[in-house]
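So you know, we letter chains A, B, ... as the sequences are listed, proteins then strands, and number each from 1.
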2 protein chains.
Amino acid sequence: MSQIGDSLQFLRSRGYKVTAPRKQVLEVLRRSSKPLSAYQIQKSLPIKGKPLNAVTIYRILNLFCSLNLAHRVLSSGGFVICTLSEGEGCHRFVVCRHCGSLQEFASETLCQEESQITQDLGFQAEYHLSEVSGLCLKCRGGQR
Amino acid sequence: MSQIGDSLQFLRSRGYKVTAPRKQVLEVLRRSSKPLSAYQIQKSLPIKGKPLNAVTIYRILNLFCSLNLAHRVLSSGGFVICTLSEGEGCHRFVVCRHCGSLQEFASETLCQEESQITQDLGFQAEYHLSEVSGLCLKCRGGQR
DNA sequence: GGCTTAATGTAATAATGTTGCATTTAAAAT
DNA sequence: ATTTTAAATGCAACATTATTACATTAAGCC
Ligand SMILES: [Mn+2]
Ligand SMILES: [Mn+2]
Ligand SMILES: [Zn+2]
Ligand SMILES: [Zn+2]
């Protein structure tokens, strides 16, 4: 699973440098199953040497989000790595309100319907932010 | 349009007191067409006498949101008054990325489809957060 | 190995949000 | 009307999140 290599290659191909801080942030995000804040990322970084500067982490996260390598999850205020490919419509999340685990998904149908509804309200839809919260299988104890 | 009176009555009926700060925050939110942060609300309050304490404003906003008298718009971090009634599914927003104007809407269909999709991912959906961004009629210059 | 410029570090500050405790007051009871 | 009291607000201190300007470092190029 050299997904990280792909991300680094993607950065290079867009003219961005591959640096130690960027690799580290990418690593931390890939390992986490839950959204992490910039400062949580800072704390969970290698104890060897100085920790990354928070400003640097913010800049890296902004870059990753602008390239859709990562997303900011607004309902929790954290950042996650993107697990989907392009071309399936806007990337959405479903989050467990109990354990915080989350999964990314996309749906052309949802995008189209939202666009239709908002068009009737006079808007030209461009981006669809959507985060569904509920309970995951584990946190329901396998019921239902 | 004594919508405010209704809100105050609603507060009383739920056992909450009707206070000057609550009336003021309600007023400010009702007048605004865009989401306001707690501190923006504080600034836009009557210049007569001391301004409301920020802590108080946060507590009032939390109360309003818990009662669905107001909502927090996550994409902008501000608060708006609720303009819908209950029973139509989760309340959603479409926001103009240019002028910041926004409109609230709801759709049972969207809720059902999101619930179905996320159920297939193992989740029991409970709440649907959704904010569509785009351009309003004015900001498109009436085109399209 | 040096060059160039993007990226990072540093310091200072802004904006947002929370907690514990003292004081005030809306609304009920007398 | 006055008293009562729980709820609401004020106050002070602090935590978290985020941004800006400028100095320093180092990735990728020759
Ligand atoms: Mn994605
Ligand atoms: Mn609403
Ligand atoms: Zn769970
Ligand atoms: Zn607009």
task = Mind running side chain to side chain contact (heavy atoms under 4.5 Å, CB included) on B/S66 and B/L63 for me, showing each step along the way?
result = CA-CA 5 Å; B/S66 76; B/L63 174 67; 4.2 Å; yes
Whole-Å gap separating [atom2] ([N]) and [atom1] ([X]):
{"X": "A/I41", "N": "D/dA18", "atom1": "CD1", "atom2": "P", "answer": "11 Å"}
{"X": "B/Q42", "N": "D/dG10", "atom1": "CD", "atom2": "P", "answer": "10 Å"}
{"X": "A/L63", "N": "D/dT19", "atom1": "CG", "atom2": "C1'", "answer": "17 Å"}
{"X": "B/Y58", "N": "D/dC11", "atom1": "OH", "atom2": "P", "answer": "18 Å"}
{"X": "A/Q24", "N": "C/dG9", "atom1": "CD", "atom2": "C1'", "answer": "14 Å"}
{"X": "B/N53", "N": "C/dG17", "atom1": "CG", "atom2": "P", "answer": "15 Å"}
{"X": "A/Q40", "N": "D/dT17", "atom1": "CD", "atom2": "P", "answer": "7 Å"}
{"X": "A/L36", "N": "D/dT16", "atom1": "CG", "atom2": "P", "answer": "16 Å"}

request  = Please tell me which of A/L52 and B/Y39 maps to the more 5' nucleotide of DNA chain C, matching each residue to the nucleotide holding its nearest heavy atom.
outcome  =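 Mapping each residue to its closest nucleotide by heavy atoms, the 5'-most match is A/L52.
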query = Nearest nucleotide by nearest heavy atom, which residue falls closer to the 5' end of DNA chain C, B/V55 or B/A20?
reply =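 With B/A20 and B/V55 compared, the 5'-side residue is B/V55.
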D/dC29 OP1/OP2 closer than 4.0 Å to side-chain N/O of A/R12 =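 No, A/R12 has no side-chain N/O under 4.0 Å of OP1/OP2 on D/dC29.
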query = Under 4.0 Å: is that the gap between some side-chain N or O of B/R72 and OP1 or OP2 of C/dG17?
reply =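 Checking C/dG17 against B/R72, a side-chain N or O does come within under 4.0 Å of OP1 or OP2.
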request  = Find which nucleotide of DNA chain D each of B/Y16 and B/K50 is nearest to by heavy atoms, and output the residue with the more 5' nucleotide.
outcome  =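 Between the two, 5'-proximity favours B/Y16.
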key: Residue closer to the 5' end of DNA chain D, A/K17 versus B/T19 (nearest nucleotide)   =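 Looking at the nearest nucleotide for each, B/T19 comes out on the 5' side.
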key: Evaluation steps, side chain to side chain donor-acceptor pair (under 3.5 Å), between B/E126 and A/S133   = CA-CA 6 Å; B/E126 290 172 348; A/S133 88; 5.1 Å; no
query = Using a distance-only test with no angle check, is there a side-chain donor-acceptor pair under 3.5 angstrom linking B/S115 and B/H128?
reply =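 Note: B/S115 and B/H128 side chains meet the donor-acceptor criterion.
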Donor on one side chain, acceptor on other, A/E104 and A/H71, under 3.5 Å =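 Indeed, the side chains of A/E104 and A/H71 share at least one donor-acceptor pair under 3.5 Å.
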Closest listed nucleotide, where the reference is the side chain of A/R22 and the choices are C/dG17, D/dG10, C/dA7 =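 Nucleotide nearest to A/R22's side chain: C/dA7.
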message = Can you tell me which nucleotide in D/dG28, C/dT10, D/dT9 comes closest to the side chain of A/R59?
response =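 The answer is C/dT10, which lies nearest to the side chain.
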ask   = Charged N to carboxylate O under 4.0 angstrom, B/E27 versus B/R31?
value =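 So B/E27 pairs with B/R31 through a salt bridge.
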